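Report on the structure given below.
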Amino acid sequence: MTQVTVLYFASLRDAAGMTSETIGSDASDLRGLYETLQARHGFVLPVGRLRVAVDGAFARWEEPLREGSEVAFIPPVSGG
Amino acid sequence: MTQVTVLYFASLRDAAGMTSETIGSDASDLRGLYETLQARHGFVLPVGRLRVAVDGAFARWEEPLREGSEVAFIPPVSGG
Amino acid sequence: MKKFTLAETPFDIAPLRAALVRGEAGAFASFEGWVRNHNEGRDVHGLRYEAYAALAEAEGERVLSEALAKFEIADACCVHRVGDLAIGDMAVWVGVSAGHRDAAFAACRFIIDEVKARVPIWKHERYADGAADWLHPEPPTA
Amino acid sequence: MKKFTLAETPFDIAPLRAALVRGEAGAFASFEGWVRNHNEGRDVHGLRYEAYAALAEAEGERVLSEALAKFEIADACCVHRVGDLAIGDMAVWVGVSAGHRDAAFAACRFIIDEVKARVPIWKHERYADGAADWLHPEPPTA
């Protein structure tokens with residue numbers, strides 16, 4: 001079990017009903033973490049349309065979870 | 001003899017030493033008028049690098065002189 | 001000195017532009033994104049921008065650094081609004097000073113394109129019919 | 001309503017920009033030409049712009065009309081200074097509002113290019129060594 005804090009933005013936040021949560025996860029990597037949470041919260045966006053960030057920097061989906069880190073799933077952006 | 005007023009700008013004005021002059025000319029067209037004045041004032045710019053305007057509108061070098069019109073020789077522009 | 005910032009309230013352009021003036025710069029290009037009254041056929045009443053601030057600022061700085069490395073420019077700056085905006089409000093401002101206009105235009109275009117594509121900011125639109133939606137654009141098809 | 005004007009004194013950008021705001025416009029591109037402190041390797045101390053005013057205004061209006069016909073833009077405006085300018089002064093301003101940024105950038109570039117190429121305005125530069133010259137650029141070689 002790795003403890004991480006997950007941040008939710010935009011439509012993911014609306015779907016999750018929260019801006020963040022701290023959870024323990026057995027997922028082997030960030031992709032696995034998203035898939036678990038996607039099932040729990042009913043996220044519509046597939047992992048292929050997201051990016052992922054750890055502790056404020058973009059990360060790769062294959063990276064393992066780091067204890068105490070802050071994970072953010074980044075839906076397609078629409079600034080500008 | 002056709003009477004026209006000629007306007008000089010930029011380096012043509014410096015070379016002519018005046019902003020305009022009213023002259024009578026026997027030139028058959030605007031090109032001929034420029035060539036006469038080029039010889040008189042020592043203009044360095046050849047006719048091929050100029051444009052010509054009559055009464056505030058661009059004109060063609062082949063147009064005849066019109067009595068009482070205002071002719072401007074337009075050296076290469078450098079605004080912006 | 002930060003070249004990309006998020007603004008929670010309306011901001012003045014004049015001091016941003018003034019900070020880019022250089023004696024060697026003969027050209028200045030700027031771009032602004034304004035809130036339109038419609039989007040994809042729907043009447044828009046207003047919108048909200050939300051950012052993942054820490055990452056948006058870091059990624060925004062990277063975009064500006066890339067522009068400074070890639071183009072012959074003197075300086076550049078970008079400010080993006082977050083929070084509630086009304087029709088006609090300025091959502092984003094980009095300014096670029098350069099020796100010549102080719103580089104100024106190219107860098108200005110690069111910055112707005114990259115900010116729109118990469119910086120984690122999301123637009124939430126409210127429509128005339130009462131509906132509201134987050135915009136999560138599909139990637140451009142090849 | 002004139003879209004191209006000559007200005008004998010420094011002018012404010014803010015009201016020009018404000019006049020181009022439209023509810024349907026999501027993009028605004030602008031360009032400014034500033035007086036540089038050097039040109040083709042020579043130190044410039046200042047300059048003067050002179051225009052054949054009647055023809056410059058007519059030809060400038062034609063450039064703006066062509067831009068409005070050629071690009072999907074909402075509105076556009078250009079102001080060019082005449083008279084004495086110092087280093088860093090604004091010589092020309094172009095602003096374009098449009099639904100989308102492609103058209104805003106393209107029209108802005110078109111206007112400044114055409115104004116520089118066609119509108120009868122001449123630059124007189126004063127150099128550090130006391131010399132001064134009218135700029136009569138050679139046409140671009142094919």
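All values reported here derive from a predicted model rather than from experimental measurement. Residue numbering restarts at 1 for every chain, and letters A, B, ... go by the order of the sequence lines. Atoms considered below: every heavy atom in the structure, side chains included; atoms not considered: hydrogens, waters and symmetry mates.
Within 6.0 Å of the CD atom in D/Glu72, the count of heavy atoms belonging to other residues, nucleotides or ligands does not exceed 12. Other residues, nucleotides and ligands place more than 12 heavy atoms under 6.0 Å from the CD atom of D/Glu66. Around atom CD of D/Glu40, no more than 12 heavy atoms belonging to other residues, nucleotides or ligands sit under 6.0 Å away.
There is no contact between D/Ala53 and chain B, counting heavy-atom distances below 4.5 Å.
Across all non-hydrogen atoms, the minimal contact from B/Val77 to D/Ala117 is CG2-O, 3.5 Å. Scanning both residues, B/Ser78 and D/Pro137, for their nearest heavy atoms gives CB-CD, 3.9 Å. Residues B/Phe58 and D/Arg118 come closest through the heavy atom pair CZ-O, 4.0 Å.
With chain B as partner, the option from D/Val115, D/Ile121, D/Asp113 having the largest number of non-hydrogen pairs under 4.5 angstrom is D/Ile121. Counting heavy-atom pairs under 4.5 Å between each of D/Arg48, D/His124, D/Lys123, D/Arg81 and chain B puts D/Lys123 at the top. Listed options D/Ala56, D/Cys78, D/Ala58, D/Pro120 were ranked by heavy-atom pairs under 4.5 angstrom with chain B; first place goes to D/Pro120. Here D/Glu50 is the residue among D/Glu59, D/Glu50, D/Glu32, D/Glu57 with the most heavy-atom pairs under 4.5 Å with chain B.
Between the side chain of D/Tyr49 and the backbone N or O of B/Gly80, at least one donor-acceptor pair lies under 3.5 Å. Checked by atom type and distance alone, the side chain of D/Trp122 pairs as donor or acceptor with a backbone atom of B/Pro75 at under 3.5 Å. Side-chain atoms of B/Ser11 never come within 3.5 Å of backbone atoms of D/Trp134 as a donor-acceptor pair (strictly under, hydrogens ignored). Distance alone, capped at 3.5 Å, is enough to place a donor-acceptor pair between the B/Arg49 side chain and the D/His136 backbone.
Distance check: D/Leu55 CG to B/Phe9 CZ gives 8.0 Å after rounding to the nearest 0.5 Å. Between the CG atom of D/Asp133 and the CG atom of B/Asp14 there is a distance of 9.5 Å, given to the nearest 0.5 Å.
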